[in-house]
Visitor: 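Structure below; questions to follow.
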Protein chains: 2
Amino acid sequence: MSLPHVLLGMLAEPASGYDLKQRFEQSVRYFWYAELSQIYPALAKLEKQGLLRSKQAPSDKGPSKKIYTRTGKGKRALQEWLSDGPVLRTERLAYLTQLFFLDEIPNARRIEFMQELRDDFAQRLEELKLIERNWASEDARFPDNLPDGELVKHMTLRSGLMKYAMMVEWCEECLGRLESRQESTGHRNSRNRKVS
Amino acid sequence: MSLPHVLLGMLAEPASGYDLKQRFEQSVRYFWYAELSQIYPALAKLEKQGLLRSKQAPSDKGPSKKIYTRTGKGKRALQEWLSDGPVLRTERLAYLTQLFFLDEIPNARRIEFMQELRDDFAQRLEELKLIERNWASEDARFPDNLPDGELVKHMTLRSGLMKYAMMVEWCEECLGRLESRQESTGHRNSRNRKVS
DNA sequence: CGGCTCATGTAACACGTTACATGATTCC
DNA sequence: GGAATCATGTAACGTGTTACATGAGCCG
């Protein structure tokens, strides 16, 4: 339902499948993920539908690339997807369903689970903070005078910063509740952050 | 990777496929969704693997049901999934990828998009607040003296309450930034909440 | 009797993951 | 020459969605 549209969005600038995979990793990896083996056939299909055009081009390093360009029809398909409004309530958050059933394992394990969650969110938060710091130092227009294309990217980044900061706090709150039960059964559990 | 485990979790109490669908809608719909046509074959497969057992039972209304019960092996499989730690970085948030490319449509449309987002998050927040209010009024142990099974459910609920409250705020912030651009091009746009 | 909810499924298709296959170029 | 990276794909399998099929029991 969405990968083809994400590819159309990423192809505002022409790129090969391999390039697109890198772009995924650098930009949208916090809310979208795709394998190369998924990207290649998706691009081929979009070309067959006339939403993309491709040409062979030599590479700086390695074998020649197949560079895809968005057609007018491709751009309109993307705009239509965006104009249809947000795609909502399709999220699947496996870690929350796990938490929902976490009473099926012993409390000490529950605490380990929440620590792992907290550490991962904290790490993502640091990664995003770094991106924001670099951006701020490299672009004088940051954050209030950005052009439209950068503004929406910054809004996306802000949502990640706010979300992960909140999730870390929430994990701490949960750990407090779990640990108070641990203590009452005679055990004691360090609250130290795991190093990864 | 996960639906079978979610079903095992939901089957702490025996139920039919149809019952489970109802349970999905009442409890985990905010972070997991499944169609009946996905649930039935998944249950059959779990039974074939010996993680569930089934028996026919009459229904209050309508035809007879196939009631599934978790086996010891099924419970261990669930505990193993939970003990392996949180399943992370598998999220796919379509609305954030849309936002990321939102500069491809006119600013007026961008504002409509964010209003729709905000309204949906606000609605989810109200739904969760209602659940919390009802719970608080029906259970004297709420929220600090809940048994383990309810504690993890409450932690899950809290994450939703905190998340959607934050997302509504974030949407308002984004709308402010988008509308300030709208005004500077001579248009004016009401900030009123849409009624659904 | 007709329409609703209850109840269980199948079929066709789309989407996503893991493993495998192939070969060019670059760096050590 | 061997390992790493660049580059494009296919195959098999698992997961998820939409549409369709079937029939029991209940309410008006």
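Only a predicted model underlies this, so the values are computations on that prediction, with no experimental measurement involved. The sequence lines fix the lettering, A, B, ..., with proteins before strands; numbering per chain opens at 1.
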Visitor: Relative to the 5' end of DNA chain D, which residue comes earlier, Pro41(A) or Ser59(A), by the nucleotide with the nearest heavy atom?
Guide: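 With Pro41(A) and Ser59(A) compared, the 5'-side residue is Ser59(A).
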
Visitor: Tyr33(A) has an atom OH; how far is it from atom P of dC15(C), in whole Å?
Guide: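 So the two atoms are 18 Å apart, to the nearest Å.
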
Visitor: Please determine whether a side-chain nitrogen of the Lys or Arg among Arg76(B) and Glu80(B) lies less than 4.0 Å from a carboxylate oxygen of the Asp or Glu.
Guide: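 No.
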
Visitor: Which comes earlier along DNA chain C counting from the 5' end, the contact point of Leu36(B) or that of Trp32(A), where each point is its nearest nucleotide?
Guide: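 Upstream on the strand: Leu36(B).
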
Visitor: So what does Leu3(B) touch, heavy atoms closer than 4.0 Å: a base, only the sugar-phosphate, or nothing?
Guide: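 Here Leu3(B) touches the backbone only, sparing every base.
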
Visitor: Surrounding CZ of Arg109(B) (heavy atoms of other residues, nucleotides or ligands, distance under 6.0 Å), is the total greater than 12?
Guide: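 Atom CZ in Arg109(B) is not packed in, count stays at 12 or less.
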
Visitor: Leu43(A) CG to dT8(D) P: how many Å, rounded?
Guide: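 To the nearest whole Å, that distance equals 9 Å.
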
Visitor: Is any N or O donor-acceptor pair between the side chain of Ser37(B) and the base of dT18(D) shorter than 3.5 Å?
Guide: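 It does, because a donor-acceptor pair links the side chain of Ser37(B) to the base of dT18(D) below 3.5 Å.
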
Visitor: State which of dG9(D), dT17(D), dG9(C) makes the closest approach to the side chain of Tyr68(B).
Guide: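 Side chain of Tyr68(B) sits closest to dG9(C).
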
Visitor: Please confirm whether any donor atom in the side chain of Ser2(B) sits under 3.5 Å from an acceptor in the base of dT15(D), or the reverse.
Guide: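 Not at all, since no donor on one side and acceptor on the other fall under 3.5 Å apart.
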
Visitor: Distance check needed: dG9(C) C1' versus Leu20(B) CG, whole Å only.
Guide: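 So the CG-C1' distance, Leu20(B) to dG9(C), works out to 15 Å.
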
Visitor: By nearest atom, which of the nucleotides dA24(C), dT8(C), dC6(C) is closest to the Pro63(A) side chain?
Guide: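 Among dA24(C), dT8(C), dC6(C), the one nearest the side chain of Pro63(A) is dA24(C).
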
Visitor: Counting only side-chain N and O atoms of Lys21(A), is one of them less than 4.0 Å from OP1 or OP2 of dA7(D)?
Guide: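 No, because none of the side-chain N or O atoms of Lys21(A) sits under 4.0 Å from OP1 or OP2 of dA7(D).
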
Visitor: Could you give the CD-to-P distance, from Glu25(A) to dC6(D), as a whole number of Å?
Guide: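 Taking CD of Glu25(A) and P of dC6(D), I get 13 Å after rounding.
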
Visitor: Do Arg23(B) and Glu13(B) sit within salt-bridge range, that is, some charged N less than 4.0 Å from a carboxylate O?
Guide: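 Result for this pair is no, no salt bridge flagged.
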
Visitor: Got more than 12 heavy atoms from elsewhere within 6.0 Å of NZ, Lys75(B)?
Guide: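 Counting other residues, nucleotides and ligands, NZ of Lys75(B) stays at 12 neighbours or fewer.
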
Visitor: Please state how far atom CD in Gln38(B) lies from atom C1' in dA11(C), giving the value in whole angstrom units.
Guide: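 Distance, rounded to whole Å: 15 Å.
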
Visitor: Taking CD1 from Ile39(A) and P from dT10(D), how many angstroms apart are they, rounded to a whole number?
Guide: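 Ile39(A) atom CD1 is separated from dT10(D) atom P by 15 Å.
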
Visitor: So, does Arg92(B) get its side chain near the phosphate of dT17(C), meaning an N or O under 4.0 Å from OP1 or OP2?
Guide: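 The answer is yes; a side-chain N or O of Arg92(B) sits under 4.0 Å from OP1 or OP2.
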
Visitor: We want to know whether Gln38(B) and Tyr40(B) form a side-chain donor-acceptor pair, criterion being a heavy-atom distance below 3.5 angstrom.
Guide: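 Not at all, the side chains of Gln38(B) and Tyr40(B) share no donor-acceptor pair under 3.5 Å.
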
Visitor: Measure the distance from NZ on Lys65(A) to P on dA7(D) and round it to the nearest whole Å.
Guide: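 So the two atoms are 4 Å apart, to the nearest Å.
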
Visitor: With the side chain of Glu35(A) defined as its heavy atoms from C-beta on, choose the nearest nucleotide among dT18(C), dT10(C), dT8(D).
Guide: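 Side chain of Glu35(A) sits closest to dT18(C).
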
Visitor: Within the pair Tyr18(A) and dT8(D), is there a side-chain N or O less than 4.0 Å away from OP1 or OP2?
Guide: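 Result: no.
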
Visitor: Starting at atom NE2 of His5(A), determine the distance to atom C1' of dC15(C), rounded to an integer number of angstrom.
Guide: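 The answer, rounded to whole Å, is 14 Å.
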
